[in-house]
Amino acid sequence: MKQTHLRFVVIVTVLALIASFGLFAAGTKESAATQADPAATYPEKPIQIIVPVGAGGDTDLNARLFSKYLEKELGQSLAVVNVTGGGGTIGMQRVLDSDADGYTALFFHGEAMIPKIAGLVDYGIEAFAMVGIGLLDDTTVLATHPGMPFKTLPEFISYAKANPGKVEFGMMTGGYPHLVGIVLEAEAGIDLNLVDVGGNAAKTVALKGRKTQVINTQYGLTLDYFKSGDFVVLGLTSKERNPLFPDVPTTAEQGLDIEFNKFFFVGMPKGTPKSIVDKFSAAMKRVVENPQYQAEAAKYFVTPTYMAPEQATEHAQQVYEYFAQYQDLFRGTSK
């Protein structure tokens, strides 16, 4: 009887060890799988979205709207943080210096290329792991206030030619508006007074208060001022009219062949695991395809458009090549 009991105890013990080993092995496999694919449990905590410009402009607005829908897709909250300074380079550097774990991302547009073209830094979009493009904005217009003696683009150019250096173009040094001003001078054959008045929100305030005379702005961002008559639109910097506001003539049809539009992208530090980048990018795609997001974005005349990392990288390179042709003018080595 005692031997039978002893055999029973031994058998139970062996079975328990086998079961325990099985659980350990399963746990080890699960742990190994998690290590092999860091995206398996990503994201496990809030994600910080760095917007390298101040609040109140189109970049900030688009970042917050996109993030509102993106956090639903990712299942985690997204904290949008404005980090200003250096034509966007302070915020960009913040992201580059962060851990490559998918919990810090950059939301910006093509202006990320300008500091490199201007010679302010030695890096651009290529320094980031491209996550994807989620939005195109073909709404860049030239605007003035009704106190100026011109109401159309040809009138503006004629006035500027007759008054070299007199017309003040409000912009931000080393940024996208700075490039617009330089290209405008080069292609129209005029000499403007380029004055740093700050980012988009500051430019809007300056033009509204008649502290500057001409700016580039996003049509949807300042639509109310066009409707009220506080701003006068001179032209859309595009080859074709935007079907969302077809009454606004383009600069091309008025004899000035310039083109400026924005693509908004998300970037992460180089070295971020590809599986995390792909998971975040797939969530961006679902946002772009969301009819509710599309309806909200349409209020600002922007176009939700998804490009995966590879396609987004190619698009960014094409835009960079267009901008880079004005590098010498930007750096003051040619006139």
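Quick note: residue numbers are just sequence positions, from 1.
For Phe245, the ring-ring contact (aromatic ring centres under 6.0 Å, His included) test picks out Tyr219, Phe301, with sequence neighbours left out. Applying the ring-ring contact (aromatic ring centres under 6.0 Å, His included) criterion to Phe263, with sequence neighbours excluded, gives His315. Partners of Ala201 by side chain to side chain contact (heavy atoms under 4.5 Å, CB included), not counting sequence neighbours: none found. Residues passing the ring-ring contact (aromatic ring centres under 6.0 Å, His included) test with Tyr69, sequence neighbours excluded: Tyr293. Applying the side-chain hydrogen bond (donor to acceptor under 3.5 Å, both in side chains) rule to Asp257 yields the partners Lys239; only residues at least two apart in sequence or on another chain are considered.
Sequence neighbours left out, the pairs with a member in residues 240-252 that pass salt bridge (Lys or Arg N to Asp or Glu O under 4.0 Å) are Arg241-Glu253. Listed by first then second residue, pairs satisfying side chain to side chain donor-acceptor pair (under 3.5 Å) with a partner in residues 145-154 number zero, not counting sequence neighbours. Listed by first then second residue, pairs satisfying salt bridge (Lys or Arg N to Asp or Glu O under 4.0 Å) with a partner in residues 106-121 read Lys116-Glu126, not counting sequence neighbours. Sorted by first then second residue, the ring-ring contact (aromatic ring centres under 6.0 Å, His included) pairs that include residues 174-200, not counting sequence neighbours, are His109-Tyr176, Tyr176-Phe260, His178-Phe330. Pairs engaging residues 53-70 under the salt bridge (Lys or Arg N to Asp or Glu O under 4.0 Å) rule: Asp58-Lys262, Asp60-Arg64, Lys68-Glu296 [sequence neighbours left out]. Judged as a ring-ring contact (aromatic ring centres under 6.0 Å, His included), not a single pair has a partner in residues 270-291 (not counting sequence neighbours). Screening residues 300-311 for side chain to side chain donor-acceptor pair (under 3.5 Å) gives Ser281-Tyr306 as the qualifying pairs, with residues at least two apart or on separate chains.
The shortest non-hydrogen separation linking Ile50 to Pro52 is O-CD, 3.7 Å. Scanning all heavy atoms of the two residues, the minimum distance from Ala186 to Leu329 falls at CB-CD1, 3.5 Å. The two residues Val233 and Val141 come nearest to each other via the heavy atoms CG2-CB, 3.9 Å.
Hydrophobic clustering (ILVMFWY, side-chain heavy atoms < 4.5 Å, transitive): Leu192 and Leu256 are in one cluster. Taken together through direct or relayed side-chain contacts under 4.5 Å among Ile, Leu, Val, Met, Phe, Trp and Tyr, Val81 and Tyr103 form part of one hydrophobic cluster. Note: the hydrophobic cluster containing Leu221 does not contain Phe231 (ILVMFWY, side chain heavy atoms under 4.5 Å, direct or indirect links). Following chains of ILVMFWY side-chain contacts shorter than 4.5 Å, one cannot reach Val205 starting from Leu61, and the two form parts of different hydrophobic clusters.
Counted by atom type alone, Thr140 and Asn216 present zero donor-acceptor pairs between their side chains at under 3.5 Å. In this structure, a donor-acceptor pair under 3.5 Å is absent between the side chains of Thr204 and Thr222. A donor and an acceptor atom, one from each side chain of Gln218 and Asp137, are located under 3.5 Å apart. Side chains of Glu187 and Tyr326: a donor on one and an acceptor on the other come within 3.5 Å. Side-chain contact of Ser77 with Glu71: a donor-acceptor pair under 3.5 Å is absent, judged by distance alone.
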What's the verdict on side-chain contact (heavy atoms from CB on, under 4.5 Å) for Lys211 and Val197, showing C-alpha distance, side-chain angles and the deciding distance?
CA-CA 9 Å; Lys211 303 297 183 182; Val197 297; over 6 Å; no

Check against side chain to side chain donor-acceptor pair (under 3.5 Å), Thr212 and Glu168
CA-CA 6 Å; Thr212 195; Glu168 183 177 299; 3.0 Å; yes

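Within a 6.0 Å radius of OH in Tyr225, no more than 12 heavy atoms belonging to other residues, nucleotides or ligands are found. Counting non-hydrogen atoms of neighbouring residues, nucleotides and ligands closer than 6.0 angstrom, the NZ atom of Lys270 exceeds 12 such neighbours.
Phe265 and Phe107 have their aromatic ring centers separated by at least 6.0 angstrom.
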